[in-house]
Number of protein chains: 2
Amino acid sequence: MAAQPDAEPRPRVPLTKQRVLRTAVRIADARGITAVTMRNLAQELEVEAMSLYHHVPGKDQLLDGMAEAVVTEINTAVGLDATPPADPPPPADGWKAVVRGRILAAREVMLNHPWAPGVVGSRSTMTPAAMRYFDALTGQLLSGGLSPDLVHHGLHALGSRALGFTLELFQAADGGAPDPDAAEMMQQLAQQFPNVVAVLSAASHDGETTLGWCDDQAEFEFGLDLVLDGLERLAAR
Amino acid sequence: MAAQPDAEPRPRVPLTKQRVLRTAVRIADARGITAVTMRNLAQELEVEAMSLYHHVPGKDQLLDGMAEAVVTEINTAVGLDATPPADPPPPADGWKAVVRGRILAAREVMLNHPWAPGVVGSRSTMTPAAMRYFDALTGQLLSGGLSPDLVHHGLHALGSRALGFTLELFQAADGGAPDPDAAEMMQQLAQQFPNVVAVLSAASHDGETTLGWCDDQAEFEFGLDLVLDGLERLAAR
DNA sequence: ACCTGAACACCGTTCAAGT
DNA sequence: ACCTGAACACCGTTCAAGT
């Protein structure tokens with residue numbers, strides 16, 4: 001084997017906006033959104049930081065692009081990109097089931113990109129992909145017989161839930177050590193916040209001593225259904 | 001008048017955590033959360049940046065403190081700090097009206113601190129003030145006759161709305177110039193996103209040609225009522 | 001004890017220069 | 001045209017030193 005003292009010259013994949021965005025998403029997935037810096041991103045692409053500016057105007061537009069990428073992923077997952085068959089089969093279930101399925105599919109994509117809700121939520125402008133998503137959702141609601149006004153209010157009521165996420169106000173404090181004397185802490189908590197403790201301990205039927213565990217998916221669906229049912233009830237009047 | 005070449009020695013107000021937090025909130029109110037840097041904050045307090053670390057462990061805890069300050073403001077606005085009269089008058093209206101009023105009061109505080117929803121939402125741990133707020137809210141729901149399970153789900157469904165805000169997914173693109181040929185743009189938009197345009201133009205009854213205007217307050221209340229009504233319906237079963 | 005100055009390890013971004 | 005190196009104006013934070 002011939003000695004190659006130099007670092008082997010790589011095939012030299014050209015830098016493109018696509019590649020920059022995809023790499024940024026990969027970094028965020030693996031190491032969190034704070035690891036997405038122009039310098040880290042450049043390093044991952046084996047390039048100098050300043051080269052990025054030839055494909056992306058700046059950090060802010062990079063984040064725009066990342067949000068757009070995720071929503072685009074949702075659109076494909078939801079079948080929005082597939083050209084519908086000439087004879088689109090009428091939805092087997094009512095509009096509620098269709099919308100529900102669509103939103104839960106969006107949620108599944110979001111769960112693979114935990115940073116995405118924060119980034120999508122912080123973008124100030126409605127991106128094209130988001131527009132297409134909301135336009136399709138709107139169409140689904142309209143063809144379900146809801147009045148334009150009701151659809152309008154309903155979309156507001158759904159809020160970020162429409163895209164499959166709710167920015168959780170507080171995640172549970174991690175706790176670290178599995179508190180040795182949970183019972184004592186519990187009593188203290190119960191004294192300070194009797195109502196919260198009552199509710200949470202009622203929720204854990206199976207004799208758990210630790211508080212604060214919730215089934216995120218179930219809670220998400222409960223809230224979603226509450227809103228959808230409310231819309232349905234209003235539409236029927 | 002005696003000449004005083006030196007900058008007049010100020011009374012030298014001592015630095016305290018209180019003063020640091022209050023100043024941070026004031027800066028955020030006036031110039032946005034991005035203006036809250038340790039260096040800016042120090043300058044406003046006429047002190048060196050490093051002095052802050054004697055009263056606050058770091059930037060992150062500073063933000064914690066700011067969130068706590070706002071939620072505390074909510075608690076007082078809502079009457080949570082006032083010791084209730086020995087003979088607390090039974091709420092004139094049902095639990096829904098009480099909860100509704102409480103949440104709208106929280107919202108009013110949040111509207112005075114536009115940065116607060118983002119900061120409160122980004123804090124990972126439930127602060128004492130938030131705990132007190134949610135505990136009181138929980139108590140209100142429980143005493144309204146809702147089962148612990150329903151209260152639990154309901155709080156999740158309310159989400160950030162419980163504290164008076166929903167992180168708006170997208171704010172309207174500001175637009176800058178009041179587009180000269182709105183009608184033409186509109187047609188183009190209508191072609192790309194027919195459903196969204198249909199809904200939005202139906203919402204503006206008064207012949208507005210510009211899209212995208214919504215009454216935030218009304219939308220907030222609609223979503224809130226949708227959830228509250230849904231809970232009430234479930235409680236009645 | 002509280003506050004300071006200088007320094008460190010990061011940021012995003014500009015600019016002139018290379019090919 | 002695309003990429004680079006050095007530099008600028010910021011960050012949050014550490015550390016040794018002052019009073």
Side-chain angles (χ1 to χ4, degrees), chain A residues 6-28 30-69 115 118-119 122-125, chain B residues 6-28 30-69 115 118-119 122-125:
Chain A
D6 307 341
E8 52 185 78
R10 294 295 187 85
R12 190 72 143 112
V13 188
L15 217 49
T16 68
K17 183 167 183 178
Q18 274 277 339
R19 219 157 78 79
V20 169
L21 287 180
R22 256 203 279 272
T23 306
V25 167
R26 193 154 43 79
I27 292 177
R31 298 194 277 146
I33 191 64
T34 60
V36 179
T37 69
M38 299 304 269
R39 283 163 155 94
N40 275 348
L41 182 50
Q43 192 180 1
E44 196 80 8
L45 287 160
E46 299 185 288
V47 100
E48 228 54 33
M50 293 67 214
S51 308
L52 300 175
Y53 287 84
H54 289 276
H55 302 95
V56 147
K59 177 76 180 279
D60 222 55
Q61 290 83 349
L62 176 72
L63 293 176
D64 284 344
M66 293 174 70
E68 183 76 349
W115 51 271
V119 171
S122 72
R123 300 301 84 196
S124 53
T125 55
Chain B
D6 307 343
E8 52 185 76
R10 296 294 188 82
R12 190 71 140 114
V13 188
L15 217 47
T16 68
K17 182 167 184 177
Q18 273 278 339
R19 219 157 76 79
V20 169
L21 288 180
R22 257 204 278 270
T23 306
V25 167
R26 194 155 42 79
I27 292 176
R31 298 194 276 145
I33 192 65
T34 61
V36 179
T37 69
M38 299 303 269
R39 284 165 154 94
N40 274 349
L41 182 50
Q43 192 179 2
E44 197 81 7
L45 287 161
E46 298 184 289
V47 100
E48 229 54 34
M50 293 67 215
S51 307
L52 300 175
Y53 287 84
H54 289 277
H55 302 95
V56 145
K59 177 76 181 283
D60 222 55
Q61 290 84 348
L62 176 72
L63 293 176
D64 283 344
M66 292 174 70
E68 182 77 350
W115 51 271
V119 171
S122 72
R123 301 298 86 197
S124 54
T125 55

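In what follows, chains carry the letters A, B, and so on, assigned in the order in which the sequence lines appear, proteins first and then strands, with residues in each chain numbered from 1. Because the structure is predicted, anything quoted here is derived from the model rather than measured.
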- Which whole-number value in Å describes the distance from Lys59(B) NZ to dT13(D) P? 8 Å

- Minimum-distance nucleotide (side-chain atoms of Ser51(B) versus dG12(D), dT13(C), dT4(C)): dT4(C)

- Query: dT14(C) phosphate, OP1 or OP2: any side-chain N/O from Tyr53(A) under 4.0 angstrom?
  - Reply: no

- Query: So do the side chains of Leu63(A) and Met66(A) get within less than 4.5 Å of each other, counting heavy atoms only?
  - Reply: yes

- Note on the structure: Testing dC11(C), dC11(D), dG12(C) for proximity to the side chain of Met38(A), the answer is dG12(C)

- Item | Distance in angstrom units between Met50(B) CE and dC3(C) C1', rounded | 11 Å

- His55(B) NE2 - dT4(C) P separation (whole Å): 11 Å

- Note on the structure: From CD of Gln61(B) across to C1' of dG12(D) the rounded distance in Å is 12 Å

- Task: Take the protein atom CD of Gln43(A) and the nucleotide atom P of dG12(C), then report the distance between them rounded to whole Å.
- Result: 13 Å

- Message: Closer than 3.5 angstrom, by distance alone: can the side chain of His55(A) be matched with the main-chain N or O of Leu15(A) as a donor-acceptor pair?
- Response: yes

- Expressed in angstrom and rounded to an integer, what is the separation of Glu48(B) atom CD from dG18(D) atom C1'? 13 Å

- Message: Please tell me if Thr37(A) has a side-chain N or O lying less than 4.0 Å from either OP1 or OP2 of dC11(C).
- Response: yes

- Message: Return the pairing partner of dG5(C) with a 3.5 Å limit on both distances, Watson-Crick or G-U wobble; otherwise return none.
- Response: dC15(D)

- Task: For the residue pair Leu52(A) and Leu62(A), establish whether any side-chain heavy-atom pair is separated by less than 4.5 Å.
- Result: no

- Message: Could you tell me how far apart Asp60(B) (CG) and dT13(D) (C1') are, to the nearest whole angstrom?
- Response: 13 Å

- Mark yes or no for a side-chain to base donor-acceptor pair under 3.5 Å between His54(B) and dC2(C), with no hydrogen or angle criteria applied. no

- Any side-chain heavy-atom pair of Glu68(B) and Leu21(B) under 4.5 Å: no

- For atom CG of Asn40(B) and atom P of dA9(D), their distance in whole Å: 16 Å

- Task: Check whether any side-chain N or O of Arg123(A) sits under 3.5 Å from a backbone N or O of Asp60(A) as a donor-acceptor pair, and report yes or no.
- Result: yes

- Message: Nearest to the Leu15(A) side chain among dG5(C), dC15(C), dC3(D), which nucleotide is it?
- Response: dC3(D)

